[in-house]
Number of protein chains: 2
Amino acid sequence: MDESSASPRMNQYEKGKHTPDINTLKLLANELGVPLNYFFCEDEATAKLACLIADMSESEREALILTLEDSTLDSEA
Amino acid sequence: MDESSASPRMNQYEKGKHTPDINTLKLLANELGVPLNYFFCEDEATAKLACLIADMSESEREALILTLEDSTLDSEA
DNA sequence: TTACTAAGATACTCTTAGCCA
DNA sequence: TGGCTAAGAGTATCTTAGTAA
């Protein structure tokens, strides 16, 4: 990532003139300390959850899956 | 999305010859019935959580955030 | 017939240079 | 001085055509 052209690129992304490459997004995610899927969350809450889940351990994620599947059954019933 | 060239494109993606555009990924996500960030999850559990969260209501997500933030405090203490 | 690959046409982004506030 | 924009260079994907199983 060339620092000298970072400013125009960020402007082009923000103004919607260009779309950043997926590889570029990975670099940005590392810089910002967020997971890559953070950029693809449709709302604030989902984005925050993505960050929280990224910081969890594998076993914590598995446990959360079970919890959510149970509560889903509740709301479907 | 041109159906006539879908097959070569999918092969090129799978073989790692080309990387699909973000817009293409959106179309694929809609076709597959998964959230867009599904493609950017680093492990199976995170991907599954992304699907579960995508099906939740806004208020359910907010509630989940509070739950996770509490349990995070526990493990940090 | 289906899965896959190669190569050119096309369209995209990245960079440089320069303008406006 | 820092943020923003325009246009060309370079590089990526998409499409067509064709091969192998």
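Lettering follows sequence order; numbering is per chain, from 1. Everything quoted here is computed from the prediction, not taken from an experiment.
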May I have the distance from B/Q12 (atom CD) to C/dG8 (atom C1'), rounded to whole angstrom?
-> 13 Å

Sidechain N-carboxylate O distance under 4.0 Å for B/R9, B/D2 | no

Hey, does the side chain of B/T19 come within less than 4.0 Å of D/dT13's phosphate (OP1/OP2), counting only N and O?
-> yes

Could A/E62 and B/K48 be called an ion pair, given the rule that one side-chain N must be under 4.0 Å from one carboxylate O?
-> no

Taking the side chain as every heavy atom from C-beta outward, state whether B/L64 and A/L68 have any atom pair closer than 4.5 Å.
-> yes

Set of side-chain contact (heavy atoms from CB on, under 4.5 Å) partners for A/S7, sequence neighbours left out | A/N11

Gap between atoms CG and C1', on A/N11 and C/dC20 respectively (whole Å) = 13 Å

Figure out the CG/P separation between B/D2 and D/dT15, and round it to whole Å.
-> 5 Å

May I have the distance from B/D21 (atom CG) to C/dA11 (atom P), rounded to whole angstrom?
-> 14 Å

Give a yes/no answer on whether the side chain of A/R9 brings an N or O atom under 4.0 Å of OP1 or OP2 in C/dT13.
-> no

Interatomic distance where CD belongs to B/E3 and P belongs to C/dT2 [whole Å] = 15 Å

Atom OH in A/Y38, atom CG in A/L49: separation rounded to 0.5 Å?
-> 12.0 Å

Can a side chain N or O of B/S5 be found less than 4.0 Å away from OP1 or OP2 on D/dT13?
-> no

Is the distance from OP1 or OP2 of D/dC14 to the nearest side-chain N or O of B/Y13 less than 4.0 Å?
-> yes

Closer to the 5' end of DNA chain C via nearest nucleotide, is it B/E14 or B/H18?
-> B/E14

Indicate, with a heavy-atom threshold strictly under 4.0 Å, whether A/P8 touches base, sugar-phosphate, or nothing.
-> base

From D/dT16, D/dC14, C/dT13, nucleotide with atom closest to B/S4 side chain | D/dT16

Tell me: NZ of B/K17 to P of C/dG8, nearest whole Å?
-> 12 Å

For D/dT5, does OP1 or OP2 lie under 4.0 Å from any side-chain N or O of A/K15?
-> yes

Report the end-to-end axis angle of the helix from C/dT1-D/dA21 to C/dA21-D/dT1; each axis comes from five terminal pairs, and the value is rounded to 10°.
-> 30°

Would you kindly say whether A/D43 and A/T46 are connected by a side-chain donor-acceptor distance under 3.5 Å?
-> yes

